[in-house]
Amino acid sequence: MGAYFSEIFRGLQSLAIGLGITFKEFFKPVVTVPYPYETIKMSERFRGHIELIENEDGTPKCVACGMCQRACPSGCISLASKSVKYEVEVKGEMKTKKKKVLTTYDLNFTTCSLCGQCVESCNFDAITFSKEYNLASDRKEDFHFDLLNRLEERNS
Amino acid sequence: MIKDTVLQSLRGLFPDPEPVVEEIVTEAAEGDEAEGEKKKPAKKKKEPRNNGVIEHDYAQYGYDIDVQLDPGELLAAVMIIDKAGFFLESVTGVDWIKEEQLEVVYDFSRYDFDTCRVVIRTRTPRAKPKVPTISKIYPGANWHERETHDFFGIKFDGHPHLVPLLLPEDADFHPLLKDFKP
Amino acid sequence: MSLTILNAVIAVVIAIAFAALNAAYLVWAERRGAGRIQRRPGPNVNGPLGLLQPPADGLKLMTKQLIIPGGADKALFMVAPVLAMAPAIMSFVTIPFSENIVARSMNIGVLMIFAFASLGAMSILLAGWGSRNKYGVMAAVRAVSQNISYEIPMLITVITIVMMTGTMDLKELVAGQSGGIWNWNLVPSLSSPLMPVAFLIFFICTLAETNRAPFDLGEAESELVAGFHTEYGSMGFGLFFMGEYANIVIGASLITILFLGGWGCPLGLFPGVWWFLLKIYLLIFSFIWIRWTFPRTTIYGLLNLSWKILIPISLFNLLFTAGLLKVF
Amino acid sequence: MSGPIHIQPGETFILNVGPQHPATHGVLRVKMEMDGEYIVKAETVLGYIHRMHELMGENRTYPQVLPNLSRLDYLGALGYTHGHVLAVERASGIEVPERAEYIRVITVELNRVASHLFWFGAFVMDLGGFTPLMYAIEDREYILDMLEAVTGSRLTYCYYRFGGLYNDIDDEFIDRARAFIPRMRKSLKKYDALVTGNIIFRKRLEGIGPISAEMCRKYGATGPVARGSGINFDVRKNEPYSVYPEFDFDVPVYDECDSLARYYVRMEEMEQSLRIIEQGLDKLPEGPIMPKKKPKLIKPPVGDYYQAVETARGSFGIRIVSDGTKNAYRFKLRSPTYSNMSLFDEACEGMMIMDALALMGSLDLVIPEIDR
C-alpha cells in the first residue's frame, strides 16, 4: 500500500519537474532565424557549388587541364578548350606560342555531391566554392551552370 | 589466449595438416609477396590459394586468423567459432572472375578484450555457386546471406527465406558480379 | 411560441459561432504556445502575430477535395466528423458563462453535458471503422476503451460533487461557490477534505476524454500514423480538429464550473464572464503546456491508471465524503 | 508489455508499418502480422533506399569514394569516413601525423554527440513527446555550426583525407568546442530532469523490448544495443585504433537488456564523448595535418584488409580487397544498424505495437545506412 502511494506521488513529482522545465523555456527568447526575412552568414569554408576564379584582366585562371573533371566522383564537370596562338616577347624576339583557352565550363549541379575534390585537385587555384545555398527551382535546367557565363556576368 | 585455442581447433579441421602448415610458414615469412601471389594469381600462378589456416598480423590486415576451406567444412568451422563465443560481423562475397570462382567471406569477432578476428573463406564455382547456410547456427546470418545472394547470386543451401532483401523483389541480376552490365 | 424558437435558434447560432471561433483560435494558441515552449516563434507570418493563420487554414481545408477511400462505408465516413462537432456545440448551449449569459439553463445540465460528451467516442469509433483503414480501426478501438474507462472516475467525481451540493444545475453549482476562493469546491473543507484529489482526477479524466496528449492514443502519431482520422482530408479533418478543440473548451468550462467557482472572482470581487473566460483559458493553457511536455502513455498504462488508481481513489473519495456528509 | 497470445486461426491481419510511417524514420517497411494490438510475426523489408555504395566503391578511385561514406549515415557521417580513411591508410601504409589524428578524434566525437542528440530527440518523439527533439536540435545545431565552420558542410562531410585532413582547425573552433562542453553538460542535466525522470517515459521503457546478450551475439549486434545488454564491447577500447588509447574514457554498460538500458547507454556515451573532446583539446599537438610524403596515386598493395571503427551506432567495418590498382577490387561495408535491425523481427514477436515501435526507436535506425 505504501509503495502504491509513493509511486503515485513520485510520478506526480516527476511530471511537475518536467512541467517546470518547459515553463522556464516558455519565457526564454526564440532561437530560430525567420528564414526568408533573415539569413545567416555562411561560414568561410562553406562549400557551395564551384565558381571560376579570374585573373586580374578578367579572364579565367583555368588552363583547361581537366584535373577537376578527372577527380570528380560523379562526373558532373565538363569543360572544353581550344588552343590559341599568341605572341610573346622572349629576349627581344617575338615568338608564337600556343595555349589552351577555356571555351566552356559546365557544372551539372544536379549530380554534384559538393565533396570539393575538384577544388582540391586544381593545381592552378582556378576554382573556388561559392557561398550560394538557397538554390531552388522546379526545373532541372536551372542547375546546369555555365560557369564561364557566370564569371562574365560577375565581371560586367 | 583465445586465438591459440581457436587456431588449434581450426587446424584440426584439415585432415592432412603437413603441407598446409608448410605453406603457412612460407607465406607468413614472405609476407606481402606471398599474399600478392595468392590474391592475384593472374600474375604468376594460376592456382588459387590452398585451403588452410593462416595467422595474420592484425596491424597490417585488420584480422588475426584467415581460414580458407571447402564449403563442406564450413559448418564445422562455424560451429567451432560459435562454441568459442564469437559473434558474426558480416558475410560477403568476392567475385574472382579470372579463376571462375566466387568466394564467400565470413567475418567473426569477439565481444571481450581477448581480441581475435577470424575470417573464414570458402570458394565455390562461379557457374553454380552454392554453399551451406550458417543461419541455423547464427540467425543473424539470415540477412547477410540474403544480401550476398542479392549481389552475387550465391545459393545458400537450406536458407529459410532466400528472396531479395536489398534489391527489388523481382530482381534477377547480381550487381557485384564483375561481368554485370547495368 | 415563435419567440422561443427564435431564441433557441439564436442561442444555437451563438454557440456555434463561439465554438468555431474558439476552435480556430485555440489551434493558433496551441501552435504559438508549442512554439514558445520549443523556443521558436510558431505561426507568425500571416497577419500580426500570425492571427490570420486560422482563417487561412480554414480556407485551405474548405477548398480541398474530400476524398472517400475506396471500400469505405460512405455513410459512416461522412457522419463521423459531424458527430464529432455537433455534440460539442450542443453542450455549449447549457454552459453558463455568467449569471445571465446562458443559452438554456437546465436543472440537469451536468447530466446533459455528459450525455453529449459520451457521443464523442461514437464519432471516433465510426470514423475509424468507416474509413476502412487498419490504423483507423486500431485507433478507434483504443479510443473507445479509453473513453469508457475514463468516464467512470469522471462520473464518480461528479457524483461526489453533486452529493455535496445537492444540485445538478450548473448555475446553482456556481452559485454555491460564490464569494471567494475559500468557497470553491477545489478547496478542502471539513466535509470534503479530499477535494484537491478529486480535482486532479477530474483534470486527468478531462485530458483523457478529450484525447489530449499524453492520452492521445486515438491519434498516436508515431504509432498509428494519425489514428482514426488517417483517411480524412479537407473539412472532414477540419471538423474533427474543431470538435477536439470545442471539447477542450467544454472540458475546461466544466472544471471551472465544478471546481473553480465559475464566474466568481477568487476574492469575491466583480464576478462576471471575464473571470470565467480567464479561468478556462488558463486551464486550456495548462492543457497545451502538458501536451508539449510529456510523452504519450501506452494503452495498458492508460487503462492501468484508470482502473488501478483513478477509480479506486475516486470511489474511496465518494464513500468517504458520503460518510462525512452524514456525520456533519 | 508482452502478453499471452491466443491466436484464432484467421483472426490475424497484416499491418504494413512503412515504408512511409512516422515511426520508421525513413523508408523502412515492417510487415507485421497482428492479433489486435499484438504482433504475432514481423518481417522487415529493406531496400527502399538502396544505392549500391559497394559497387560505387569498386567503380571509383579511392579518393573518389570519400564523399560516399558520409552518405551512409547522415547523422554520424564522420565516424564512417574515419573508418574508410583508416582502412585505406592501413592498406597502403600511409602514416598519419598526430595532430591530424587528434583532430579526427575530436570531430568524430563531436559528431557522435550530435548523432546521439538527434537520436534522443527522435526517440522521445517516437514515444509521443515532441519538445525534447527541439531542445536536442538546438544543441545539435551548435555542433553542426562548429563542424560547418571547419569542414565546409553540415551533414555529409568530406573532411578526412588519406593521410590527414582537408584543412586544419582554427582557434575559433577550439574556443567554440571548449564553450560547448559546459553547455552540453548543462543540457544533459536538463534532459535528465525533463525526460529520464519522467514517470510516463520510464513506464514505457522499463522492461520493454528485452534483447539478451546471447541474442546480440547470434545477430552480431554491436554498439549501444549490445552495451545495453551487458556486453562490454566498444571497438575504441577492444581494438584500439587511431589515438583512442591515449584518452581516458569509460564505456557505459547496462545489464537490464531493455529499451531504457539502451537509452542510458547513449546518454552516458554523450558524457564520455565530451570527456574525450575535452582531453583532445588539451592534448592537441602542433604539427602538420598531412604527411610529408604522400603517394600521389593511392594504390594499396594486393591483399584483403579490414578495419573496424566504433561509430555512433556500433561497430562499422570496412573490407577492402585490393588488386593493386587505383580502384578497389571489392569494397564491403559492414554497417552496424544492419545487424542491429536484423534482430528486430525476432525481438518484437509477442509485443504490442507501441512497445515494438519504442524498441525500434531504441535501436537507433538510420535507414540509408542499413540499405547502403
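Per chain, numbering begins at 1; letters A, B, ... match sequence-line order. Side chains are part of it too, since the values below use all heavy atoms of this structure and drop only hydrogens, waters and symmetry mates.
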Compare all side-chain heavy atoms of [X] with those of [Y] and state whether any distance is below 4.5 angstrom.
X	Y	result
C:Thr298	D:Ile208	no
D:Met134	C:Arg39	no
C:Arg296	D:Ile200	no
C:Tyr135	D:His21	yes
D:Asn16	C:Lys134	no
C:Ile299	D:Glu37	yes
D:Phe130	C:Arg291	no
C:Met138	D:Leu15	yes

Using heavy-atom distances under 4.5 Å, tell me whether [X] contacts chain C through its side chain, its backbone, both, or neither.
X	answer
D:Glu138	side chain
D:Ile353	side chain
D:Phe13	side chain
D:Val17	both
D:Ile137	neither
D:Met34	side chain
D:Phe201	both

Please check if the number of heavy atoms outside [X] that lie under 6.0 Å from its [atom1] is greater than 12.
X	atom1	value
D:Arg202	CZ	yes
C:Met235	CE	yes
C:Trp129	CH2	no
D:Lys41	NZ	no

- Query: Using non-hydrogen atoms only, which part of C:Arg142 is less than 4.5 Å away from chain D: side chain, backbone, both, or neither?
  - Reply: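 For C:Arg142, the contact with chain D is made by the side chain alone.
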- Message: For C:Leu305, which atoms come within 4.5 Å of any heavy atom of chain D: side chain, backbone, both, or neither?
- Response: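 Answer is neither: C:Leu305 stays 4.5 Å or more from chain D.
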- Could you give all pairs that pass the side chain to side chain donor-acceptor pair (under 3.5 Å) test and reach residues 144-157 of chain C, with sequence neighbours left out?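 Applying side chain to side chain donor-acceptor pair (under 3.5 Å) to every pair that reaches into residues 144-157 of chain C, excluding sequence neighbours, yields C:Gln146-C:Asn211.
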- Tell me, with the steps shown, if C:Leu217 and D:Met354 meet side chain to side chain contact (heavy atoms under 4.5 Å, CB included). CA-CA 10 Å; C:Leu217 287 160; D:Met354 53 185 60; 4.1 Å; yes
- Item | Heavy-atom pair count under 4.5 Å with chain C, highest-scoring of D:Val195, D:Leu194, D:Ile14 |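 Looking at each of D:Val195, D:Leu194, D:Ile14 in turn, D:Ile14 comes out on top.
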- How would you list, by chain and number, every residue that makes a side chain to side chain contact (heavy atoms under 4.5 Å, CB included) with D:Leu155, sequence neighbours excluded?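 Once residues adjacent in sequence are excluded, the partners of D:Leu155 under the side chain to side chain contact (heavy atoms under 4.5 Å, CB included) criterion are D:Arg140.
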- Message: Please find the pair of heavy atoms, one from D:Asn198 and one from C:Phe294, that lie closest to each other, and give the distance.
- Response: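 Minimum heavy-atom contact is ND2-CD2, 3.1 Å.
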- List the atom of C:Thr293, the atom of D:Thr131, and the distance in Å for their closest heavy-atom pair.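 Scanning both residues completely, I find the closest heavy atoms to be N-OG1, 4.4 Å.
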